[in-house]
Amino acid sequence: MEENKEALNFIEQIITNDLESGKHDNIITRFPPEPNGYLHIGHAKSICLNFGLKETFNGKTNLRFDDTNPSKEELEYVNSIIDDVHWLGFEYDNLFYASDYFEQLYEWAIMLIKDGKAYVDEQSPEVISIQRTNPTINGIESPFRNRSIEENLRLFEEMRVGKHNEGSMVLRAKVDMNSSNMHMRDPIMYRIMKKPHDRTGDKWCIYPMYDYAHGQSDYIEGITHSICTLEFEVHRPLYDWFLDQIDTSGKRPRQIEFARLNLSYTVMSKRKLLELVKENYVKGWDDPRMPTISGLRRRGYTPESIRNFADRIGVAKRENIIDVGLLEFFIREDLNKKANRVMAVLDPIKVIITNYPEDKTEILIAQNNPEDEKAGTRELSFSREIFIERDDFMENAPNKFFRLKPGGEVRLRYAYFIKYEKLIKDENGNIKEIHCSYDPESKGGKSPDGRKVKGTIHWVDSKNCIDAELRLYDRLFTKENPEDLEENKTYLDYLNPDSLKIVNAKLEKSLEIAKIGEKYQFERKGYFCVDKDSNSKKLVFNRTVDLKDSWAKIVKNG
RNA sequence: UGUCCGAUGGUGUAACGGUAGCACUGCAGAUUUUGGUUCUGCCUGUCAAGGUUCGAAUCCUUGUCGGACAACCA
């Protein structure tokens with residue numbers, strides 16, 4: 001056997017080098033979400049990356065909430081994030097909060113002031129912005145930039161104790177007002193925000209900004225490789241500048257950026273996802289059409305399928321849009337192995353088997369999963385009247401249509417061969433029922449004379465079936481990249497009006513005891529899972545994904 | 001416009017100066033009691049132009065195209 005040597009992505013290569021060179025003996029990564037929304041599949045990529053590094057290099061990974069802005073953050077989000085990380089199958093070594101470090105951060109800020117590297121600015125956001133000008137020309141220094149250390153110390157202390165109003169002053173780092181990198185033009189370290197914090201209560205009314213808090217938090221935790229997305233690339237010089245102020249050993253966290261995940265036919269920004277929820281374009285963060293982890297979970301996706309997906313898409317620095325079809329491939333692959341098969345008729349039409357005894361019911365044996373011997377078998381009831389799928393019959397069928405049609409014979413899965421006899425229509429010409437005859441010799445789906453029947457269709461016994469609501473989902477947006485806007489449009493203009501279709505289906509009786517979250521393959525129709533809206537009176541299923549359908553392709557391509 | 005980053009089939013991602021490979025998609029076929037699964041085969045690619053070299057996707061130069069940044073958000 002050839003050794004299966006996986007190619008390393010560029011981050012793994014950096015880490016390998018750092019380990020070989022002796023820069024680090026072991027590595028620590030972190031996943032640092034802000035608790036201001038639910039995690040989505042893009043976060044899953046980051047989670048798999050960070051926790052994957054821990055596994056590959058036998059290191060550690062912390063979950064750290066970047067909770068530096070109490071005006072946007074909520075406990076609900078903290079809890080959902082913890083759930084989602086666990087559900088994906090990862091265990092963090094430590095659970096931390098940036099707010100754990102507020103006191104240390106404050107002390108370092110004092111130190112910076114004492115070093116003459118930070119100052120209190122009393123200008124408005126507008127003025128500060130104007131003075132930063134633009135990257136092509138030098139900035140303008142704040143008139144407060146060079147006030148005395150004593151005054152800075154006094155004012156910063158006053159900010160902390162709440163003596164000043166929100167927006168009246170900020171603490172700024174004294175970096176370089178002429179830098180071509182705007183983030184270096186005296187970035188704001190602290191702002192006044194008189195809002196209680198979920199974890200620190202009303203202890204603080206000043207809160208550190210991301211750029212200041214993030215790197216220092218990494219440092220406190222001993223993070224070796226601080227992995228973030230590409231848009232933070234320009235922040236890196238500032239990340240390093242802040243670390244320069246507290247450490248010169250070189251054994252410091254290193255920020256590495258990679259390209260975030262984009263998926264076709266959906267949006268991935270938290271702001272937009274929040275809007276979809278708040279404005280009721282979807283029914284909550286876990287709506288199965290959402291690209292959130294909780295949405296995918298409810299839709300019927302498995303953690304394995306998402307992890308396999310994350311593995312396969314790789315990690316690089318170029319912008320990308322991954323075809324949502326790839327995600328679907330991985331859930332089909334996983335469910336094909338795991339999901340038991342059952343029969344469900346989504347759009348039922350009645351078939352009467354005229355030569356089958358009126359009061360007879362028999363039990364047939366069906367395989368639960370042809371991909372898995374151990375899945376066992378189940379019993380199916382069969383009688384004179386059954387339901388089949390409306391589009392499994394065609395009155396004027398082309399040659400290539402090998403389901404039920406005049407003059408044709410078809411196999412009822414695990415049951416009998418049946419032959420078309422006649423059609424009963426209502427006064428409007430709609431088909432009411434189909435009359436067929438069966439071959440009693442073909443029980444189980446095989447005929448002793450060995451004749452071939454090309455088509456096999458699914459069915460349920462009309463006397464012994466249950467009703468259920470099926471929610472058939474389609475992509476949420478009609479445009480491959482809903483953020484690629486045409487004139488005068490917003491991404492909302494590309495919402496797919498048919499992203500959810502609800503049908504009432506007939507299911508085989510065995511599904512009666514199906515439990516919330518259970519996943520099935522409805523043969524020939526797709527993978528479905530039991531939704532939490534189910535109750536003892538009514539079962540509700542979500543369609544996770546349909547099956548590949550080469551007949552649909554033939555129809556489509558003529 | 002200024003700085004930074006990136007560019008390999010339709011979509012992603014490898015190749016670390018030495019045969020451009022893999023996955024998905026697409027197409028064709030085989031098998032099949034799911035038009036599913038499985039199996040086989042095929043199509044399509046190094047942004048451009050120069051240079052270095054026996055040899056360049058890879059190194060250098062220039063250009064082109066795409067992205068990020070100019071929040072008291074993260």
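So that the names make sense, note that chain A is the first sequence line, chain B the second, and so on, each numbered from 1.
When heavy atoms are screened at a 4.0 angstrom cut-off, A:Phe401 is found touching base atoms of the nucleic acid. At a threshold of 4.0 angstrom between heavy atoms, the contacts of A:Phe402 include nucleobase atoms, whether or not backbone atoms are also involved. Residue contacts for A:Met343: at a heavy-atom cut-off of 4.0 Å it reaches no nucleic acid atom on any strand shown. A:Arg332 comes within contact range of no nucleotide atom at all, as no heavy-atom separation falls under 4.0 Å. Residue A:Val453 is classed as having no contact, given no heavy-atom separation below 4.0 Å to the nucleic acid. Heavy atoms of A:Phe232 sit under 4.0 angstrom from at least one base atom. Nucleic acid contact class of A:Glu166 (heavy atoms, under 4.0 Å, all strands): none. Across all strands, A:Asn181 comes closer than 4.0 Å to no nucleic acid atom at all (heavy-atom distances). No contact: A:Asp391 has no heavy atom under 4.0 Å from any strand. A:Glu34 comes within 4.0 angstrom of the backbone, heavy atoms only, and of no base. Note on A:Pro370: a base of the nucleic acid sits closer than 4.0 angstrom, heavy atoms only. Looking at heavy-atom distances under 4.0 Å, A:Tyr414 makes contact with a base. Residue-level contact check: A:Lys400 touches the bases, meaning some heavy atom is under 4.0 Å from a base atom.
Once rounded to the nearest 0.5 Å, the distance linking OG1 of A:Thr456 with CZ of A:Arg524 reads 8.0 Å. Going from atom CD1 of A:Ile137 over to atom CZ of A:Arg132 covers 14.0 Å, rounded to the nearest 0.5 Å. To the nearest 0.5 Å, atoms CZ (A:Arg411) and OG (A:Ser442) are separated by 8.5 Å.
At B:C73, one or more side-chain N or O atoms of A:Arg191 fall inside 4.0 Å of OP1 or OP2 (strictly under the cut-off). Within the 4.0 Å cut-off from OP1 or OP2 of B:A15, at least one side-chain nitrogen or oxygen of A:Gln13 is found. Regarding contacts with the backbone of B:G26, a side-chain N or O of A:Lys553 is found under 4.0 angstrom from either OP1 or OP2. Distances shown here put a side-chain N or O of A:Thr68 below 4.0 Å from the OP1 or OP2 atom of B:A74. A sub-4.0 Å separation between OP1 or OP2 of B:U3 and a side-chain N or O of A:Ser179 is absent.
Taking every side-chain heavy atom of A:Val234 into account, B:A68 is the closest of B:U37, B:A70, B:A68. Closest to the side chain of A:His183, out of B:U32, B:A74, B:C69, is B:C69. Candidate nucleotides B:G12, B:A74, B:G36 were compared by shortest atom distance to the side chain of A:Arg312, and B:G12 ranks first. Among B:G36, B:G2, B:A74, the nucleotide with an atom closest to any side-chain atom of A:Asn69 is B:A74. Here B:U34 is the nucleotide among B:U3, B:U34, B:A70 with the atom lying nearest to any side-chain atom of A:Arg341. Of the candidates B:A14, B:A71, B:U13, B:A71 carries the atom nearest the A:Ser129 side chain, counting heavy atoms from C-beta on. Comparing B:C27, B:C73, B:C16 by their nearest atom to the side chain of A:Lys72 picks out B:C73. Listed nucleotides: B:G2, B:C72, B:U34. Nearest to the side chain of A:Pro125: B:C72. Among the nucleotides B:A74, B:U34, B:C72, the one closest to the side chain of A:Arg524 is B:U34. The side chain of A:Ser180 sits closest to B:U3 out of B:U37, B:U3, B:A74.
B:C54 and B:U11 have their C1' atoms separated by 37 Å, with the value rounded to a whole Å. Between B:G9 and B:U44, the distance separating the two C1' atoms is 5 Å to the nearest Å. B:G6 and B:C39: their C1' atoms are spaced 39 Å apart (whole Å).
Between A:Phe242 and A:Tyr219, the ring center distance fails the sub-6.0 Å criterion. Aromatic ring centres of A:Tyr527 and A:Phe522: separated by at least 6.0 Å.
Following rounding to the nearest Å, A:Asn336 (CG) and B:C39 (P) show an atom-to-atom distance of 11 Å. Regarding A:Asn369, its CG atom lies at a distance of 13 Å from the P atom of B:U34, rounded to whole Å. The interatomic distance linking A:Glu122 (CD) with B:C72 (P) rounds to 17 Å, in whole Å. Counting to the nearest Å, the C1' atom of B:A71 and the CD atom of A:Glu231 are 14 Å from each other. The CG-P distance, from A:Asn320 to B:A68, rounds to 13 Å in whole Å. Rounded to whole Å, atom P of B:C72 lies 12 Å from atom CD1 of A:Ile130.
Partners of A:Tyr416 under the side chain to side chain donor-acceptor pair (under 3.5 Å) rule, at least two apart in sequence or in another chain, are A:Glu362. Under the rule for a salt bridge (charged side-chain N to carboxylate O under 4.0 Å, His left out), the partners of A:Asp186 that lie at least two apart in sequence or sit in another chain are A:Arg145.
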Q | Under 4.0 Å protein heavy-atom contact, by nucleotide of nucleotides 40-48 of chain B - B base, S sugar-phosphate only | A | ---------
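Between the A:Ser129 side chain and the A:Pro125 main chain, no donor and acceptor come within less than 3.5 Å of each other.
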Would you tabulate the nitrogen or oxygen pairs shorter than 3.5 Å linking the protein to nucleotides 6-10 of chain B?
none

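Ion pair A:Lys337/A:Glu333 not flagged as a salt bridge, since none of the NZ, NE, NH1 or NH2 atoms sits closer than 4.0 Å to an Asp/Glu carboxylate oxygen. Salt-bridge formation is detected for the pair A:Lys479/A:Asp484: a Lys NZ or Arg NE/NH1/NH2 atom is positioned less than 4.0 Å from an Asp or Glu carboxylate oxygen. At a threshold of 4.0 Å, the pair A:Arg147-A:Glu122 counts as salt-bridged, since one of the basic side-chain nitrogens sits closer than that to a carboxylate oxygen. Taking a cutoff of 4.0 Å between a charged side-chain nitrogen and a carboxylate oxygen, A:Arg332 and A:Asp546 qualify as a salt bridge.
Checking each of A:Glu166, A:Met209, A:Met159, A:Met169 against A:Arg191 for a side chain to side chain contact (heavy atoms under 4.5 Å, CB included) leaves exactly one that passes, namely A:Met209.
Under a cutoff of 6.0 Å and an axis angle of 45°, A:Arg160 and A:Trp204 form a cation-pi pair. Figure legend: cation-pi geometry between A:Lys317 and A:Phe258 absent, as NZ or CZ is not positioned both under 6.0 Å from the six-membered ring centre and within 45° of its axis.
Nearest-nucleotide mapping onto RNA chain B: of A:Ile321 and A:Glu126, the residue sitting toward the 5' end is A:Ile321. Heavy-atom nearest nucleotides on RNA chain B were determined for A:Asn9 and for A:Gln123, and the one closer to the 5' end corresponds to A:Asn9.
Under the stacking definition used here (centres under 5.5 Å, planes under 30°), the residue A:Tyr210 fails to qualify as stacked on the base of B:A74.
Every pair passing side-chain hydrogen bond (donor to acceptor under 3.5 Å, both in side chains) that includes a residue from residues 259-270 of chain A is listed here, sequence neighbours excluded: A:Asn36-A:Lys270, A:Glu231-A:Arg260.
For the strand RNA chain B, secondary-structure stems (runs of at least three Watson-Crick or G-U pairs, all distances below 3.5 Å) span B:2-7 with B:64-69, B:10-13 with B:21-24, B:26-30 with B:38-42, B:47-51 with B:59-63.
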